[in-house]
K.L.:
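One structure follows; several queries about it will come next.
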Amino acid sequence: MVKIVLASGSPRRQELLRRMGIADFYIRVPQVEERFPEGLTPEETVCYISREKSDAARLLCAPEELIITADTMVFLDEARLGKPKDEADALRMLTALAGRRHTVCTGVTVRQGEKILTAAQHTDVYFRPASEGELRAYIRTGEPMDKAGAYGVQGKGALLVERIDGDFFNVMGLPVLLLAGMLKDFGIDLLE
């Protein structure tokens, strides 16, 4: 049985791996500064950072271990929205997203030894119009403060979402269908 390592401290990614049927995995979180070259598309950006995380995680793992890394970013009109610095920054982001479409991109890298696969998934998310009072009330829950784009679709942030076009789980931080297909290339079929 191959040892699987999730190189992420994200509780959402851990939960999604378990939902996929991967109950036995290790967590090793590499320290990576999320820098990337200018001029990359959103998909290229998340793939680049996912690959950087994978390169760093490789140093924490044995060559036979299968390593999964991911990076999720929120983009509004090609501008990246990271995690808010404070409540004012969260309000700025949520105000910009209200009543509009934005894109969530996740890059995923799976590696074992010298074999490496990297791919990206994007999902369009449409926010309903929301009042400043609603946005401030949401910010007071504390939920937006550690999430890219200042919201969590799996929590109260769902109350701001009008619709999603694409992989819902990608918005949570791990595109499960994409990852399942990548794992097949490493001999892991989650439905067999």
Side-chain angles (χ1 to χ4, degrees), residues 6-20 27 29 31-50 52-53 69-108 119-179:
L6 176 64
S8 172
S10 164
R12 290 164 297 283
R13 289 190 182 124
Q14 294 168 30
E15 173 193 345
L16 289 173
L17 269 192
R18 288 185 190 98
R19 283 188 187 188
M20 292 173 69
I27 298 168
V29 183
Q31 297 304 308
V32 176
E33 199 165 326
E34 295 190 4
R35 290 187 178 177
F36 50 90
E38 292 289 321
L40 298 179
T41 66
E43 287 85 358
E44 290 169 340
T45 301
V46 294
C47 283
Y48 181 90
I49 294 174
S50 173
E52 291 287 300
K53 289 179 179 181
T69 57
D71 188 70
T72 301
M73 292 186 178
V74 174
F75 294 88
L76 179 65
D77 301 328
E78 300 292 315
R80 183 173 72 93
L81 300 180
K83 295 176 184 177
K85 295 188 261 326
D86 53 30
E87 289 186 1
D89 196 31
L91 181 62
R92 178 190 63 79
M93 287 185 203
L94 292 169
T95 301
L97 294 173
R100 301 195 50 208
R101 175 186 63 82
H102 63 278
T103 302
V104 178
C105 289
T106 302
V108 178
Q121 180 76 50
H122 75 272
T123 302
D124 289 331
V125 180
Y126 296 79
F127 266 27
R128 67 172 178 82
S131 70
E132 182 177 328
E134 288 176 305
L135 298 178
R136 287 185 182 279
Y138 175 56
I139 292 166
R140 281 195 299 275
T141 69
E143 187 178 279
M145 301 317 294
D146 68 338
K147 294 171 183 67
Y151 75 96
V153 73
Q154 70 284 354
K156 285 198 173 215
L159 300 174
L160 301 173
V161 176
E162 189 172 272
R163 80 174 202 266
I164 294 174
D165 288 343
D167 185 339
F168 170 80
F169 299 108
N170 182 46
V171 184
M172 284 180 65
L174 193 65
V176 297
L177 186 60
L178 174 68
L179 176 58

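Values below: all heavy atoms of this structure, side chains included; hydrogens, waters and symmetry mates excluded.
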K.L.:
Calculate, to the nearest 0.5 Å, the distance between atoms CG and OH belonging to Leu94 and Tyr138 respectively.
P.N.:
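Going from the CG atom of Leu94 to the OH atom of Tyr138 covers 7.0 Å.
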K.L.:
Which atom names give the shortest non-hydrogen contact between Val29 and Ser8, and what distance separates them?
P.N.:
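That would be CG2-C, 3.7 Å.
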K.L.:
Residues in side chain to side chain donor-acceptor pair (under 3.5 Å) with Glu87, at least two apart?
P.N.:
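With sequence neighbours excluded, Glu87 shows a side chain to side chain donor-acceptor pair (under 3.5 Å) to no residue whatsoever.
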K.L.:
Can you list, pair by pair, the side-chain donor-acceptor contacts under 3.5 Å of residues 147-157, counting residues two or more places apart and other chains?
P.N.:
from	atom 1	to	atom 2	distance (Å)
Lys147	NZ	Glu143	O	3.0
Tyr151	OH	His102	NE2	2.7

K.L.:
Under the side chain to side chain contact (heavy atoms under 4.5 Å, CB included) test against Val125, which residue among Leu97, Val161, Leu160 passes?
P.N.:
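Only one option passes, and that is Val161.
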K.L.:
Name all residues meeting the salt bridge (Lys or Arg N to Asp or Glu O under 4.0 Å) criterion together with Glu15; count only those two or more places apart in sequence or in a different chain, and write none if there are none.
P.N.:
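For Glu15 the salt bridge (Lys or Arg N to Asp or Glu O under 4.0 Å) partners, ignoring immediate neighbours, are Arg19.
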K.L.:
Nearest 0.5 Å, what's the CG-OG distance between Asp71 and Ser10?
P.N.:
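Between atom CG of Asp71 and atom OG of Ser10 there are 11.0 Å.
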K.L.:
Pairs under 3.5 angstrom only: tabulate donor-acceptor contacts from the side chains of residues 76-84 to other protein residues two or more places apart or in another chain.
P.N.:
from	atom 1	to	atom 2	distance (Å)
Asp77	OD1	Arg100	NH2	3.1
Asp77	OD2	Arg100	NH2	2.5

K.L.:
For Arg101 versus Asp124, what's the shortest heavy-atom pair and its separation?
P.N.:
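Scanning both residues, the minimum pair turns out to be NH1-OD1, 3.4 Å.
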K.L.:
Grab the two heavy atoms, one from Thr69 and one from Ala7, that are nearest each other, plus how far apart they are.
P.N.:
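Closest pair (atom of Thr69, atom of Ala7, distance): CG2-CB, 3.5 Å.
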K.L.:
Atom CG of Asp165 and atom NE2 of His122: how far apart are they, to the nearest 0.5 Å?
P.N.:
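Separation between the atoms: 9.5 Å.
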K.L.:
With sequence neighbours excluded, give me every ring-ring contact (aromatic ring centres under 6.0 Å, His included) pair touching residues 69-91.
P.N.:
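Qualifying pairs, neighbours excluded: none.
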K.L.:
Hey, does the side chain of Thr95 reach the backbone of Leu91 with a donor-acceptor pair shorter than 3.5 angstrom?
P.N.:
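The answer is yes, because a donor-acceptor pair under 3.5 Å joins these two groups.
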K.L.:
Calculate, to the nearest 0.5 Å, the distance between atoms CD and NZ belonging to Glu34 and Lys53 respectively.
P.N.:
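These two atoms lie 4.5 Å from each other.
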K.L.:
Could you grab the distance from atom CZ of Arg35 to atom OG1 of Thr45, nearest 0.5 Å is fine?
P.N.:
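OG1 of Thr45 is found 15.0 Å from CZ of Arg35.
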K.L.:
Rounded to the nearest 0.5 Å, what separates atom CD in Glu134 from atom CD1 in Ile139?
P.N.:
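One gets 12.0 Å once the value is rounded to the nearest 0.5 Å.
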K.L.:
Quick one, Val74 and Met93 - any side-chain contact, counting heavy atoms below 4.5 Å?
P.N.:
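Not touching, per the 4.5 Å side-chain cut-off.
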K.L.:
Taking all non-hydrogen atoms of both residues into account, name the closest pair between Lys85 and Asp89 and its distance.
P.N.:
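Here Lys85 and Asp89 meet closest at N-OD2, 3.0 Å.
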K.L.:
List the atom of Ala130, the atom of Ala98, and the distance in Å for their closest heavy-atom pair.
P.N.:
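Closest approach of Ala130 to Ala98: N-CB, 4.0 Å.
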K.L.:
For residues 167-177, which side-chain N or O atoms pair as donor and acceptor with protein atoms under 3.5 Å away, sequence neighbours left out?
P.N.:
from	atom 1	to	atom 2	distance (Å)
Asp167	OD1	Phe169	N	2.7
Asp167	OD1	Asn170	N	3.2
Asn170	OD1	Thr106	OG1	2.6
Asn170	ND2	Val104	O	3.1
Asn170	ND2	Gln121	O	3.4
Asn170	ND2	Thr123	OG1	2.9

K.L.:
Side chains of Ile164 and Tyr126, heavy atoms from C-beta outward: is any pair under 4.5 Å?
P.N.:
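Side-chain contact under 4.5 Å: no.
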